[in-house]
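Report on one structure; see the data block that follows.
Values below: all heavy atoms of this structure, side chains included; hydrogens, waters and symmetry mates excluded. Throughout, protein chains are lettered first and strands after them, A, B, ... in sequence-line order, and every chain is numbered starting at 1.
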There are 2 protein chains.
Amino acid sequence: MAEETALPRAERRRRTEARILDAARSLFADMGYERATIRAVAKSAGVDPALVMQYFGSKQELFQRAVEVTPAPGGGSGGGQVRGPDPGGAQAAVEEAVEEAVEGLLETLPMKLGELSQSRLAMLRSMLTHPEAAVSARRALGEQIDRVAETLPGEDARLRAALMTLVLLGVTVGHQLLELDELRDVPEDEIARLLRPSLRALTGQDPR
Amino acid sequence: MAEETALPRAERRRRTEARILDAARSLFADMGYERATIRAVAKSAGVDPALVMQYFGSKQELFQRAVEVTPAPGGGSGGGQVRGPDPGGAQAAVEEAVEEAVEGLLETLPMKLGELSQSRLAMLRSMLTHPEAAVSARRALGEQIDRVAETLPGEDARLRAALMTLVLLGVTVGHQLLELDELRDVPEDEIARLLRPSLRALTGQDPR
DNA sequence: GTCTATACGAAGATAGAC
DNA sequence: GTCTATCTTCGTATAGAC
């Protein structure tokens with residue numbers, strides 16, 4: 001009877017919201033924006049459909065909230081962003097930067113398998129059919145392209161960076177979303193191993 | 001008043017069907033299965049929605065008909081399928097076969113830009129969110145993987161072939177479906193030129 | 001045979017009861 | 001504050017008029 005109830009209402013609300021978001025992420029990732037209904041999300045989260053609307057206003061806002069990337073959990077990859085304009089411009093330095101870019105890109109592979117990046121899968125799943133998801137996808141891909149392009153020399157750095165990013169996108173789509181038999185049960189590092197020379201070739205460095 | 005009317009009813013029907021299929025292809029390619037409604041298809045084709053149902057039975061069947069590939073128009077690429085087991089097993093022969101496979105794969109790029117392959121775009125657009133489209137996509141990708149894998153040596157031929165196919169898928173998705181700025185107005189052969197070494201690297205041939 | 005009218009179901013969103 | 005009940009819209013499919 002003290003001021004300490006079993007669960008503060010704010011905390012209770014927070015947890016319910018989290019449950020709904022988890023359910024939404026899962027359903028959006030599994031079947032895309034259109035087929036994932038508010039009703040199904042609510043049922044999966046064990047709440048009333050109207051509550052979902054109450055909390056998030058609309059299906060679109062729920063999607064946005066479910067899809068926005070959660071700030072990396074553990075250490076954080078660091079991924080691309082290595083340096084600005086390289087001081088000496090020595091070929092070796094460029095080589096090294098490019099190498100880092102490739103490795104950073106390859107690291108995104110296992111990340112995309114991780115459970116917590118289900119939000120990313122949700123976005124990818126809907127990017128071809130839901131306009132808002134397409135906007136998010138273009139933004140996310142654009143950022144990755146920017147990071148990679150910074151490390152590449154030459155006129156067509158952005159084009160090459162885009163192709164490198166799309167290589168990863170294609171593999172991710174085939175693996176995670178289409179679930180092609182050929183990639184079933186293939187360990188991530190095996191895929192990364194095969195992809196590495198291919199990505200290096202796209203950098204334009206290391207011609208032979 | 002002879003038996004020759006302006007248009008034989010069969011011919012008229014054929015044309016109406018073709019108009020509907022064209023409209024359906026276009027809408028499916030633009031917005032995917034879910035958002036492309038029967039009503040919209042009918043309006044675009046200038047017919048009544050019920051007529052669409054009359055002709056095709058259901059939306060799903062309409063989709064199947066619209067998506068099924070039309071037998072190549074002009075010469076036909078020939079694409080992959082080059083030979084069976086190579087006679088001598090000489091390294092040079094393998095090299096040549098691999099080269100052909102890469103070129104055949106790259107030729108699918110411009111094909112995917114062509115107007116008549118809008119059916120392919122329709123399938124790709126919906127493959128992540130519509131189960132039946134996913135089935136079609138897996139089948140189509142599987143066939144391409146088969147063709148490429150035949151020309152590759154080694155244990156992991158199918159895996160490599162799958163990755164090569166997915167590279168093209170990623171680029172196609174980014175280019176045609178997401179319409180990334182970075183690939184806007186980039187000529188096909190420029191993309192092919194940059195991709196070629198990358199695909200070669202995936203063959204496992206020509207290590208250095 | 002071709003199209004109008006409509007039935008049926010489901011989904012998103014809202015208002016009011018508890 | 002939470003949920004029941006309802007409203008509106010829309011898409012698929014069907015039945016009946018021309």
Whole-Å distance between [N] [atom2] and [X] [atom1]?
{"X": "A/D48", "N": "D/dC3", "atom1": "CG", "atom2": "C1'", "result": "5 Å"}
{"X": "A/E34", "N": "D/dG11", "atom1": "CD", "atom2": "P", "result": "11 Å"}
{"X": "A/Q54", "N": "C/dA15", "atom1": "CD", "atom2": "C1'", "result": "11 Å"}
{"X": "A/Q60", "N": "C/dA11", "atom1": "CD", "atom2": "P", "result": "18 Å"}
{"X": "B/R14", "N": "C/dT2", "atom1": "CZ", "atom2": "P", "result": "14 Å"}
{"X": "A/R12", "N": "D/dT2", "atom1": "CZ", "atom2": "P", "result": "7 Å"}
{"X": "B/M53", "N": "C/dT2", "atom1": "CE", "atom2": "C1'", "result": "16 Å"}
{"X": "B/H130", "N": "D/dG11", "atom1": "NE2", "atom2": "P", "result": "16 Å"}

Inset, instruction - From the options C/dT4, D/dC3, D/dA13, select the nucleotide whose nearest atom is closest to the side chain of B/A50. - result: C/dT4
Inset, instruction - Could you work out which one of C/dG12, D/dA15, D/dT4 sits closest to the side chain of A/K59? - result: C/dG12
Legend entry - Candidate list A/R15, A/R14, A/R19, A/R13, test salt bridge (Lys or Arg N to Asp or Glu O under 4.0 Å), partner A/E17, passing option: A/R13
Legend entry - B/R65 bridged to B/E61 by N-O distance under 4.0 Å: no
Inset, instruction - Mind checking the OH-CG spacing from A/Y33 to A/L27? Nearest 0.5 Å is all I need. - result: 13.5 Å
Inset, instruction - Please determine if a side-chain N or O atom of A/Y55 lies less than 4.0 Å away from the OP1 or OP2 oxygen of D/dT2. - result: yes
Legend entry - Shortest non-hydrogen contact from B/A137 toward B/M127: CB-CB, 3.7 Å
Inset, instruction - For A/L51 and for A/R39, locate the closest nucleotide of DNA chain D by heavy-atom distance; then report the residue assigned to the nucleotide nearer the 5' terminus. - result: A/L51
Inset, instruction - Report yes or no: is there a donor-acceptor pair, N or O only, under 3.5 Å between the side chain of B/R13 and the base of C/dG1? - result: no
